[in-house]
Each structure stands twice: as structure tokens, then as C-alpha cells.
Amino acid sequence: MNDADLLRLDRAHVWHPCTQEKDHEQLPPIPIERGEGVYLIDRQGNRYIDGVSSWWVNLFGHNHPGLNQALKDQASKVAHHIFAGFTHEPGIRLAERLAELTPGNLSRVFFTDNGSSAVEAALKMSFQYWQQVGIPQKTRFVSIREAYHGETLGALSVSGCELYREIYRPILLEGFQVQGPDCYRCPYGLQRESCQAECFAPLQQLVEREHEQIAGIIIEPLIQGAAGMRIYPPIYLKKLRQLCDAYAVHYIADEIAVGFGRTGKMFANEHAEVAPDLMCLSKGITGGYMPLAVTLTTDEIYQAFYDDYTTLKAFLHSHSYTGNPLACAVANKVLDIFRDEEILDQTRPQQQLLDDWKADFEELPQVGEFRKLGMVAAVEMVEDKSSKAPYPWQQRRGYQVYQQALRKGALLRPLGNVVYFMPPLTIKQDELQQLLQIARDAIITVTRV
Ligand SMILES: Cc1ncc(COP(=O)(O)O)c(C=O)c1O
């Protein structure tokens, strides 16, 4: 089928995610034929550096021989089977390894198949735990304004990005939302490198006041992704852990985006040397190959569900593809690669390169801030640098950068006015250099008037 026919059918039948379909009248989706390392390659042979790891999932590049092999090996045994009443070695090994690798005592692993579902499971587990240990009034969750935890109704209820949730407000769960860290526009006039997370005060006050009805606090550790890669300091998480301990509230860490090496450590909580009570992982868990997610928790929480069947304490939550063996096999291979190829150490030069570009971006008249943690960096475009006034969202400056970058061979997918980089961890220095150059050029073009 030629491209024109393919796109006609796409227009006729496909509804793409997080997209105003009418935009496709001007810029149709690009049919991708194959991948090769950090590149996505379309049917005409055009190559695009995947600067966003295809929505933050890809870790070691596309079409990776080792991951391909792991998938083939498992497919030749069994692709999927029910995970209730049955189990399998890839799932067991993965659970054991994640329990070992994650911070603290997260010894129990509950499988789902996407990030939002991992969040749903965490919220339900936390809620049910309090019901079953005799504190049933703990029913509400706290989250940060601008947080993003997924699109299903529970996850959306604890998300703050108004863009995604405003219209659904009447059907969302009731919870508490507080102002979180916003280091670029810090209301206290402090620097993220030296502050004591003074912005923790609203959360502290809320929990002191309402803890009797609070089940848990959910947060994206260190980087609020969809909010525009807002980076905040580890001390915020240290304070959060202390607060949760003091008031018997669960700390739910959503490491779906930041887990698996993105921040320079395997898990973002390691920067703060704290451990959550529940932790959600997905995205990079299979290196961008298969839909898989997990909710990890402590034995203490697990034990509150462990009893005779007739007590009805079981966690009766399931998905058809729970613990998919193909996905688990690939996830095990991902962990092998992290270990055998010392991936975290290997990213050091690339992290340095990102640092080196800070000045090149910040010298631009319409760039307010270049921020970076590990292998994630973001450039915030502003209408006025001195007042930090954002461009009105209707101008779609980020979308214009996306269009410009595509023409030059890079996939960037800005979040509003924030152009960010979250490439595969194995991106080579020259590829990263090219990606940054394309982004800088695109920003100059788009902010000229
Ligand atoms: C921090 C965070 N939590 C949850 C999710 C939801 O994951 P999924 O899109 O797999 O449902 C995302 C997705 O971007 C995310 O970034």
C-alpha cells in the first residue's frame, strides 16, 4: 500500500492518542516502517532521532538485538497465559529482581500492563489497606497541582494538569491538591540547588490538618514530567517521607517516567535516600518493547490482605494481560543490559554534554531556563525573560518546534512552551549533539517573532 492510501485509511479509521485529529489536515501522522538505534525511519527512508524515547519508554534504542532475541525466545515457549492460579519463571524472576533493586523493603510486586493501571492499583491497595487495619476513615489521596499520573479516572483524579482533567472534573474522585515545587518560578525566590524545600509547607500544613482522612500522598519523584519536566530537589522527598511517617500516611512514588535510569540513578528516590510504601513502575521497564507495569509494596501492606478467603480481604484486582510472559522476559533482559553494560556509568558523557549546552540555550532571548537531571533536560521558552511570562498557550510555540524539528530529522514533542529531551540512554554523543542543535535552531526560528 502506498503512503497516500495508508494515510487515507488512517484518517478514516484511526483515533490517535492525545491528539486533536484536525491537526492531521495540515500535518498527517508519519507512517514509520522500522527503527534503528535512536532513529525511527519512515517509509521514504527519512530518519528521526527519537528525542523523547517514544513517550519516555525506550531505553536502549529501537530494534535492539538482545531485546528482540528475548522476545523471540519467550514467544517460542508461550506468549501469554492466565496469571491467577498459574505463574511463570520470567514473572517470578522479574519480581525478585525488582524487589532487590528498588529502594527500601518493597518486596511484593503486583503486575499490570500500563502506567495508569499501576497507579490505580496503588490507590486501591492503599485505600483497602486502611479499611482492613481498622482505620477506615483514611479514604482520600493527596497530590500536587500540575502532577500527572495517567488518564484513567482514578489516576486522573490525582493528576493536576488541568488540560487533561478539567472536563472530567464532575466524575473524578474527591481528594486534596496542594501547590507543589515550581523551582523556575519559585514563589520564595530561592534556588533549587540551595533551598530547603520551603515550598513543602502547604503539603505539611494540609497533612497536619487532615491526616485522619488521608490514605496516601502520590508524587512524581524529582521530575514532574507532563507539567513540563519541572525538576525539584531531593530534600522535598526527604520531608515527604518524614511527614508520611509522622502521620501514618502512605508515600506512593510514581516512578513510571523517572524510573530505570532516567535521572542518573536507577530510581529517583535514591537521590533522596528514601523509600516509598508503594511504588509504580512502567514505561522503561521493558525498554519500550511491551506494555508492562508493576506496583511494588511492602510486606506490611501485603500482610493486611493475607487471610482466609472468607474474610474477603483479598486484593480482587486484575487485568487480562497481567504478568504477560513476553513482557516479563523482555524486562528481565532490560535488567541484564543495565547490569552487564553498566548503562548508568555509560551515560556520564551524555549527561555532561547536556550540561554543556545549558549556556547555549539560556543565551537565547526567549529561553527562560534550561534544567536538567541525569538524562532528562528541558528548555522553557518564555514570552518575557525578565518577568518569566509564558507565551500564551494558544500560540502553540511548542507545536511549532515539533514541526520544525521533524523537518530537520528529530522527534521532539514539547509540553506547552517546554521543549524537552528524554532520549534513549544509549544515545551516542554525536546523535545527542545533533538533537540539541536541531532543537536550538527550531527554538530560534519559532521565537523570532
Ligand atoms: C509519571 C507518570 N505516571 C503515570 C503515567 C501513565 O502511564 P500510561 O501512559 O502508561 O498509562 C505517565 C505517562 O506519561 C507518567 O508520566
Side-chain angles (χ1 to χ4, degrees), residues 18 23 27 30 32 35 37-42 46-59 61-62 184 223-231 257-258 262-264 288 347 349-383 385 388 390-391 393 395-449:
C18 206
D23 283 348
L27 181 64
I30 298 169
I32 292 298
V38 293
Y39 291 98
L40 291 169
I41 304 166
D42 70 17
N46 297 312
R47 298 160 74 85
Y48 308 91
I49 301 178
D50 191 347
V52 299
S53 295
S54 281
W55 259 341
W56 322 348
V57 297
N58 193 290
L59 289 180
H62 298 278
Y184 173 46
I223 305 179
Q224 288 191 262
M229 299 297 158
R230 288 189 184 180
I231 297 172
V258 292
R262 294 287 183 198
T263 65
T347 62
Q350 282 77 349
Q351 293 187 39
Q352 182 60 48
L353 187 63
L354 288 171
D355 281 331
D356 294 346
W357 273 72
K358 182 176 170 66
D360 295 309
F361 279 104
E362 288 192 343
E363 72 181 13
L364 301 178
Q366 309 307 142
V367 167
E369 185 184 52
F370 176 96
R371 44 186 178 263
K372 177 236 156 204
L373 179 65
M375 283 294 284
V376 181
V379 182
E380 182 151 349
M381 300 182 290
V382 285
E383 187 167 59
K385 202 160 172 157
K388 303 182 180 176
Y391 281 112
W393 63 268
Q395 294 182 8
R396 302 187 77 187
R397 301 273 172 167
Y399 185 61
Q400 293 175 45
V401 169
Y402 167 72
Q403 291 171 306
Q404 287 287 333
L406 274 184
R407 285 188 206 116
K408 297 284 162 52
L411 164 54
L412 296 169
R413 208 185 139 86
L415 296 152
N417 294 321
V418 177
V419 180
Y420 71 89
F421 311 98
M422 200 193 276
L425 301 180
T426 50
I427 189 168
K428 297 191 185 78
Q429 296 245 51
D430 57 332
E431 294 164 338
L432 184 55
Q433 186 87 16
Q434 198 188 345
L435 179 69
L436 292 159
Q437 188 66 56
I438 291 173
R440 188 173 184 277
D441 292 347
I443 290 170
I444 291 171
T445 306
V446 160
T447 57
R448 201 164 277 150
V449 278

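Computed from heavy atoms alone, side chains included, the values below leave out hydrogens, waters and symmetry copies.
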**Q** Should Arg230 and Ile223 be marked as a side chain to side chain contact (heavy atoms under 4.5 Å, CB included) after you check the CA-CA gap, both sets of side-chain angles, and the distance that decides it?
**A** CA-CA 5 Å; Arg230 288 189 184 180; Ile223 305 179; over 6 Å; no

**Q** Under the side chain to side chain contact (heavy atoms under 4.5 Å, CB included) rule, what do Ser53 and His62 come out as? Steps first, then yes or no, please.
**A** CA-CA 9 Å; Ser53 295; His62 298 278; over 6 Å; no

**Q** Which label fits Trp357 and Phe361: parallel for a plane angle under 30°, tilted from 30 to 60°, or perpendicular past 60°?
**A**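 Tilted, since the angle between the ring planes falls between 30° and 60°.
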
**Q** Between the side chain of Lys388 and the main-chain N/O of Tyr184, is any donor-acceptor distance below 3.5 Å?
**A**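 Yes.
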
**Q** Does Phe421 reach the side chain of Leu435, with side-chain heavy atoms less than 4.5 Å apart?
**A**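 Result yes, sub-4.5 Å side-chain heavy-atom pair found.
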
**Q** Do Gln434 and Ile49 have side chains that approach each other closer than 4.5 Å (heavy atoms only, starting at C-beta)?
**A**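 Counting from C-beta outward, Gln434 and Ile49 do come under 4.5 Å.
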
**Q** Heavy-atom distance under 4.5 Å between the side chains of Arg448 and Pro365, does that happen here?
**A**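 Heavy-atom side-chain distance check fails, nothing below 4.5 Å.
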
**Q** Quick one: pull up CD in Gln350 and CG in Leu425 and give me the separation to the nearest 0.5 Å.
**A**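 Interatomic distance, Gln350 CD to Leu425 CG, rounded to 0.5 Å: 9.5 Å.
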
**Q** To check you understand the geometry: which heavy-atom pair defines the closest contact between Gly228 and Ala378, and what is its length?
**A**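 Between these two residues, the closest heavy atoms are O-CB, 4.3 Å.
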
**Q** To the nearest 0.5 Å, how far apart are CH2 in Trp393 and OH in Tyr399?
**A**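 Atom-to-atom, Trp393:CH2 and Tyr399:OH are 14.5 Å apart.
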
**Q** For Tyr48 and Asp42, which I'm curious about, is there any donor-acceptor pair between the side chains at under 3.5 Å?
**A**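 Side chains of Tyr48 and Asp42: pair found under 3.5 Å.
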
**Q** If you compare all heavy atoms of Ala226 against all heavy atoms of Leu415, which two are closest, and at what distance to 0.1 Å?
**A**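 The pair with the smallest heavy-atom distance is O-CD2, 3.8 Å.
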
**Q** Side chains of Asn58 and Ser54: do they bring a donor and an acceptor to under 3.5 Å?
**A**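 Side-chain D/A pair, Asn58 to Ser54: absent.
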
**Q** To the nearest 0.5 Å, what is the distance between CD on Glu369 and CD on Glu362?
**A**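 Glu369 atom CD to Glu362 atom CD measures 6.5 Å (nearest 0.5 Å).
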
**Q** Contact between Ile444 and Arg440 at the side-chain level, heavy atoms closer than 4.5 Å - yes or no?
**A**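 Yes, their side chains come closer than 4.5 Å.
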
**Q** Determine the sole option in Ile30, Asn46, Leu412, Ile438 for which the side chain to side chain contact (heavy atoms under 4.5 Å, CB included) test with Leu406 is passed.
**A**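 Only one of Ile30, Asn46, Leu412, Ile438 forms a side chain to side chain contact (heavy atoms under 4.5 Å, CB included) with Leu406, namely Ile30.
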
**Q** Taking the side chain as every heavy atom from C-beta outward, state whether Tyr391 and Gln366 have any pair of such atoms under 4.5 Å apart.
**A**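 SC-SC contact between Tyr391 and Gln366 confirmed.
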
**Q** Find out whether Leu354 and Leu432 are in side-chain contact, i.e. whether some heavy atom of one side chain is under 4.5 Å from a heavy atom of the other.
**A**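 They are in side-chain contact.
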
**Q** Between Asp355 and Gln351, does any side-chain donor sit less than 3.5 Å from a side-chain acceptor?
**A**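 Their side chains do not contain a donor-acceptor pair, so the 3.5 Å distance test is not met.
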
**Q** How long is the straight-line distance from CE of Met381 back to CD of Gln400, given to the nearest 0.5 Å?
**A**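 So the gap between those two atoms works out to 8.0 Å.
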
**Q** As a quick check of understanding, evaluate side chain to side chain contact (heavy atoms under 4.5 Å, CB included) for Gln429 and Leu353, giving each step before the final call.
**A** CA-CA 8 Å; Gln429 296 245 51; Leu353 187 63; 3.7 Å; yes

**Q** Can you tell me if Gln352 and Asp356 form a side-chain donor-acceptor pair at under 3.5 Å?
**A**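 The criterion, which ignores hydrogens and geometry beyond distance, is satisfied for Asp356 and Gln352.
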
**Q** Applying side-chain hydrogen bond (donor to acceptor under 3.5 Å, both in side chains), which residue pairs with at least one partner in residues 418-428 are found, sequence neighbours left out?
**A**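 Output for this query lists Trp56-Tyr420.
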
**Q** Rounded to the nearest 0.5 Å, what separation is found between the OG1 atom of Thr263 and the CG atom of Leu373?
**A**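 Interatomic distance, Thr263 OG1 to Leu373 CG, rounded to 0.5 Å: 5.0 Å.
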
**Q** Dump the intermediate steps for side chain to side chain contact (heavy atoms under 4.5 Å, CB included) on Leu27 and Gln403, then the final yes or no.
**A** CA-CA 8 Å; Leu27 181 64; Gln403 291 171 306; 3.7 Å; yes

**Q** Could you give the distance from CE (Met375) to CG (Leu59), rounded to the nearest 0.5 Å?
**A**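 Reported to 0.5 Å precision, the distance equals 10.5 Å.
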
**Q** Is it the case that over 12 heavy atoms from other parts of the model lie below 6.0 angstrom from the NZ atom of Lys385?
**A**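 Yes.
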
**Q** Might you point out which heavy atoms bring Arg371 and Val418 nearest each other, and give the distance in Å?
**A**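 So the minimum-distance heavy-atom pair works out to NH2-CG2, 3.8 Å.
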
**Q** Within the 4.5 Å heavy-atom criterion, are Ile443 and Leu364 side-chain neighbours or not?
**A**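 Yes, side chains in contact.
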
**Q** What heavy-atom pair brings Asn417 and Pro390 nearest, and what distance separates the two atoms?
**A**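 Shortest heavy-atom contact: ND2-CB, 3.8 Å.
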
**Q** Is there side-chain contact between Arg396 and Asp23, with at least one heavy-atom pair below 4.5 Å?
**A**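 Touching, per the 4.5 Å side-chain cut-off.
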
**Q** Write down the atom of Arg262, the atom of Pro423, and the distance for their closest heavy-atom approach.
**A**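 Closest approach of Arg262 to Pro423: NH1-O, 3.0 Å.
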
